[in-house]
Amino acid sequence: CMNAIKKEHAQRLCLVTETWPPEINGVAMTLSRLVDGLLSREWKVTLFRPKQRNEVVESNPHLTHHVMPGLPIPGYAGLRFGLPVIQQLYKAWEMDRPDVVHVATEGPLGWAAMRVANKLKIPVTTTFHTNFHRYCKHYRVGWLGGVVARYLRVLHNRSFCTMVPNQMLKQILLEEGYANVEVLGRGVDNELFTPSRRNDNLRKQWGLSDNDIAVIYVGRLAPEKNLDLVVEAYSEMHKQNPKLKMIWVGEGPQYNRLRKNHPHHFFMGSKVGKELAECYASADVFLFPSMTETYGNVVAEAMASGLAVIAYDYAAAAIHMRHEENGLLVSFGDSDSFVKNAKILSNQFDLVKTLGNHAHLTLKSSSWKDVSDVFERNLLAAISQAESLHVNATEYSSSLS
């Protein structure tokens, strides 16, 4: 999947996804970065995605939006899944055949796109962004986990290759029977997420002086994020240092419960762009106890912003963090150690700053350009293999005549 392929003319990608900005989640953000990378390389990209509420599409001659019907995703307010519009996809791709199709999400729309592309012999690649089969138990449908896992494996194995954010996830998927798995990686916007975004006025709104410590969580406020451990860890930290403040950035099904139960915490709602970057940089300690991530973009963003991060030793944390050098790593699932490590930072402002400074330096060289390079090479490799198979089939047919 990683063979170096020379691109001789502008290529056309159809990206099939159930989420896209301005929706706020790691998948939408990642896809947007990848598309930006392709557009800068003179690709032509067509998006096939569900219609969003209050739909506004920016004009771009190299980026076309095909908006499909969709339905709300239960438990994910503001997000929709696309319907399996097989005939619409057939019509679109027979009239204007793409060079390659990339299926980014595994919902009904993604399944339909895989089926149509396979039928039309258009090369397909996929990305594995979300551990949906591991989410089931958090939404009281644990019995569906095996069914979802099999569905995901079958779907991805019908593609030329499945791209994942890190080597650890690649190994897990290979052990689960996935074929042709390639590491894509992840980047971080170092111009946006930087300690220089620290906002003294925002800290004053939170009731903090220069040397007080703000503890922050950024992400979806949902059951699969293990947020009760954030509450527990902060509570133990606050017992040791009553001047601490807890900041929540994000929305989700647990937003109202958390806000009701913890009226003295600061709930900022969803933030993007400069406002999000200022929230990161104006805090000091980042708590991230999620155990269902394929990567965890927020960990990289927090580190780039100069925060002392406490996280389980897997995904982005395992890639970028070194325990007691640029953050605090905790053995996967060890909630007692998570709380213990959080308490260490309760009163140690100098240690918090040292870990945060080292974290910022660690992520300083990480960029989305390198990730886009890998993405493009994988797409071109899929196109090249499809062309080779077509040539071989034509030659074989000619030999029989």
Side-chain angles (χ1 to χ4, degrees), residues 1-17 30-31 34-35 37-48 62 86 89-90 92-106 109-129 151-167 169-185 369-401:
C1 197
M2 293 296 295
N3 294 336
I5 307 296
K6 183 179 180 181
K7 180 162 65 76
E8 297 180 350
H9 57 86
Q11 303 286 355
R12 295 180 299 169
L13 166 71
C14 281
L15 172 62
V16 181
T17 175
T30 298
L31 295 176
L34 294 175
V35 167
L38 293 182
L39 294 178
S40 71
R41 294 162 170 81
E42 299 183 346
W43 281 66
K44 293 184 178 180
V45 181
T46 302
L47 293 179
F48 286 80
H62 300 291
I86 291 175
L89 292 170
Y90 264 121
W93 292 345
E94 285 181 332
M95 291 180 61
D96 186 17
R97 182 184 178 91
D99 295 304
V100 60
V101 170
H102 183 77
V103 176
T105 54
E106 303 97 336
L109 178 58
W111 172 85
M114 179 67 74
R115 180 176 175 182
V116 173
N118 288 166
K119 185 74 173 179
L120 296 176
K121 294 182 169 51
I122 301 171
V124 188
T125 59
T126 62
T127 37
F128 190 102
H129 290 280
Y151 166 81
L152 294 174
R153 183 173 59 250
V154 169
L155 176 71
H156 284 283
N157 281 352
R158 294 177 67 177
S159 71
F160 171 72
C161 73
T162 296
M163 297 177 237
V164 298
N166 57 72
Q167 183 65 37
L169 182 57
K170 174 181 177 177
Q171 189 58 41
I172 290 173
L173 293 185
L174 289 174
E175 292 173 357
E176 292 180 354
Y178 283 70
N180 303 318
V181 183
E182 295 290 344
V183 176
L184 175 62
K369 179 185 179 301
D370 295 337
V371 182
S372 294
D373 289 343
V374 176
F375 187 57
E376 182 184 40
R377 289 202 299 271
N378 286 341
L379 296 178
L380 291 173
I383 294 170
S384 178
Q385 185 193 60
E387 291 175 347
S388 177
L389 291 173
H390 175 72
V391 169
N392 291 337
T394 301
E395 290 176 349
Y396 177 73
S397 177
S398 298
S399 70
L400 296 178
S401 59

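Bear in mind the structure is a predicted one, so any value in this text is a computation, not a measurement. Residue indices begin at 1 and follow the sequence shown.
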Set of residues satisfying side-chain contact (heavy atoms from CB on, under 4.5 Å) with respect to Glu175, sequence neighbours excluded: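 For Glu175, the residues satisfying side-chain contact (heavy atoms from CB on, under 4.5 Å) (neighbours in sequence not counted) are Gln171.
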By side-chain contact (heavy atoms from CB on, under 4.5 Å) - contacts of Lys44 (at least two apart):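 Lys44 satisfies side-chain contact (heavy atoms from CB on, under 4.5 Å) with Arg12, His62 once adjacent residues are dropped.
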Flag side-chain contact, heavy atom, 4.5 Å: Leu173 against Val164: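 Of all side-chain heavy-atom pairs linking Val164 with Leu173, at least one is under 4.5 Å.
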4.5 Å side-chain heavy-atom contact, Leu34 and Val371: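 They are in contact (side-chain heavy atoms under 4.5 Å apart), so the answer is yes.
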If I take atom [atom1] from residue [X] and atom [atom2] from residue [Y], how far apart are they, to the nearest 0.5 angstrom?
| X | Y | atom1 | atom2 | result |
| --- | --- | --- | --- | --- |
| Leu152 | Glu106 | CG | CD | 5.0 Å |
| Arg97 | Leu120 | CZ | CG | 6.0 Å |
| Ile383 | Phe160 | CD1 | CZ | 10.0 Å |
| Lys119 | Met114 | NZ | CE | 16.0 Å |
| Leu184 | Asp370 | CG | CG | 11.0 Å |

Test side-chain contact (heavy atoms from CB on, under 4.5 Å) applied to Leu39 and Val45, step by step: CA-CA 7 Å; Leu39 294 178; Val45 181; 4.0 Å; yes
Passing option when Val181 is tested against Leu174, Asn157, Ile172, Leu169 for side chain to side chain contact (heavy atoms under 4.5 Å, CB included):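 Result for side chain to side chain contact (heavy atoms under 4.5 Å, CB included) with Val181: Leu174.
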Donor on one side chain, acceptor on other, Ser159 and Thr125, under 3.5 Å: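 Side-chain D/A pair, Ser159 to Thr125: absent.
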Candidate pair Glu182 and Val374, rule side-chain contact (heavy atoms from CB on, under 4.5 Å), full reasoning: CA-CA 10 Å; Glu182 295 290 344; Val374 176; over 6 Å; no
Stepwise side-chain contact (heavy atoms from CB on, under 4.5 Å) check, Trp43 with Val35: CA-CA 9 Å; Trp43 281 66; Val35 167; over 6 Å; no
For [X], which residues count as a side chain to side chain donor-acceptor pair (under 3.5 Å) partner, sequence neighbours excluded?
| X | answer |
| --- | --- |
| Arg153 | none |
| Thr127 | His102, His129 |
| Arg115 | none |

Side-chain (Asp99) to main-chain (Gln11) donor-acceptor, under 3.5 angstrom: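 A pair under 3.5 Å: no.
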Any donor-acceptor N/O pair, Arg158 side chain to Val154 backbone, under 3.5 Å: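 Here the side-chain-to-backbone pair does not exist.
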Taking every non-hydrogen atom, the tightest pair across [X] and [Y]:
| X | Y | result |
| --- | --- | --- |
| Pro98 | Cys14 | CB-SG, 3.6 Å |
| Ala117 | Val124 | CB-CG2, 3.3 Å |
| Ala112 | Ile86 | CB-CG1, 3.8 Å |
| Val100 | Ala382 | CG2-CB, 4.4 Å |
| Leu15 | Ala104 | CD1-CB, 3.9 Å |

Salt bridge (charged side-chain N to carboxylate O under 4.0 Å, His left out) involving Lys369 - partner list, sequence neighbours excluded: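 Counting only residues at least two positions away or on another chain, Lys369 forms a salt bridge (charged side-chain N to carboxylate O under 4.0 Å, His left out) with Asp373.
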Ring geometry between Tyr178 and Phe128 (parallel below 30°, tilted from 30 to 60°, perpendicular above 60°):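 Phe128 vs Tyr178 ring planes: perpendicular.
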Contacts of Phe48 that satisfy ring-ring contact (aromatic ring centres under 6.0 Å, His included) - sequence neighbours left out: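 By the ring-ring contact (aromatic ring centres under 6.0 Å, His included) rule, Phe48 matches His66, Trp93.
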Criterion side-chain contact (heavy atoms from CB on, under 4.5 Å) on Leu38 and Phe375, from CA distance to verdict: CA-CA 9 Å; Leu38 293 182; Phe375 187 57; 3.6 Å; yes
